[in-house]
Amino acid sequence: MTDRLEILARLSVSGSEREKTQRELERMLDFVGCLREVDTDGVEPMIQPVENPGGVYREDCLNAAAGAAVGSLPEGVPEIRDGMVVVPRSI
C-alpha cells in the first residue's frame with residue numbers, strides 16, 4: 001500500500017520510514033473501520049459543522065477594500081485582469 005501512495009503523492013519514503021508509515025496508515029484505516037460501525041440511523045445530516053442561528057452569513061462579494069489591495073501588489077505581478085491577479089492554471 002505504501003508503494004502506491006508514494007507514487008500517487010509523489011513522495012519518497014526511506015526504508016526505515018516505510019515500516020512506520022505502513023503502521024500509521026493501518027491505524028488510520030482501522031479507525032475509519034471503527035467509524036463505519038457507528039449506528040447513525042435517525043441522525044440528521046449536518047449542513048454546517050457549527051450551528052449558525054438565523055442562518056446569517058456575509059455576502060460573498062468584492063468590495064472597495066479588496067479592490068484597493070490590488071493596487072498594493074508588488075510590481076512583479078505578471079498580469080492583472082478585472083482587478084484580479086492572473087495565475088497559471090494548476091489543475
Side-chain angles (χ1 to χ4, degrees):
M1 178 186 342
T2 310
D3 295 332
R4 177 110 171 107
L5 288 175
E6 271 188 82
I7 293 168
L8 292 172
R10 297 182 180 168
L11 296 174
S12 177
V13 181
S14 67
S16 61
E17 289 290 312
R18 184 176 301 274
E19 290 178 23
K20 180 182 175 188
T21 303
Q22 182 69 34
R23 285 192 306 272
E24 289 175 352
L25 287 170
E26 288 171 2
R27 287 183 55 215
M28 286 185 248
L29 292 174
D30 288 342
F31 178 73
V32 171
C34 290
L35 291 177
R36 289 184 179 188
E37 295 174 11
V38 175
D39 180 17
T40 58
D41 289 340
V43 177
E44 192 171 323
M46 295 177 64
I47 295 173
Q48 296 289 329
V50 178
E51 287 189 35
N52 186 359
V56 179
Y57 297 97
R58 77 171 171 84
E59 186 176 335
D60 191 15
C61 63
L62 184 63
N63 58 31
V70 172
S72 64
L73 289 172
E75 292 178 14
V77 175
E79 183 180 354
I80 297 176
R81 187 181 314 142
D82 298 327
M84 292 180 240
V85 176
V86 178
V87 295
R89 186 177 182 149
S90 63
I91 296 179

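Below, each value reflects all heavy atoms present in this structure, side chains not excepted, and no hydrogens, waters or symmetry copies.
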### Message
Distance check, rounded to the nearest 0.5 Å: Leu25 atom CG versus Leu5 atom CG?
### Response
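If we round to the nearest 0.5 Å, Leu25:CG and Leu5:CG are 5.5 Å apart.
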### Message
If I take atom OG1 from residue Thr21 and atom CG from residue Leu11, how far apart are they, to the nearest 0.5 angstrom?
### Response
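Interatomic distance, Thr21 OG1 to Leu11 CG, rounded to 0.5 Å: 9.0 Å.
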### Exercise: identify the closest heavy-atom pair between Arg81 and Val86
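So the two residues come closest at CB-CG2, 3.6 Å.
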### Query
Closest heavy-atom contact between Asp3 and Arg18?
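Smallest interatomic distance, heavy atoms only, reads OD1-NH1, 2.6 Å.
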### More than 12 heavy atoms from other groups under 6.0 Å of CD on Glu24
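Yes - once you tally the heavy atoms of other residues, nucleotides and ligands closer than 6.0 Å, there are more than 12.
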### Message
Checking the side chain of Glu6 only, and the main-chain atoms of Val13 only, is there a donor and an acceptor separated by less than 3.5 Å?
### Response
yes
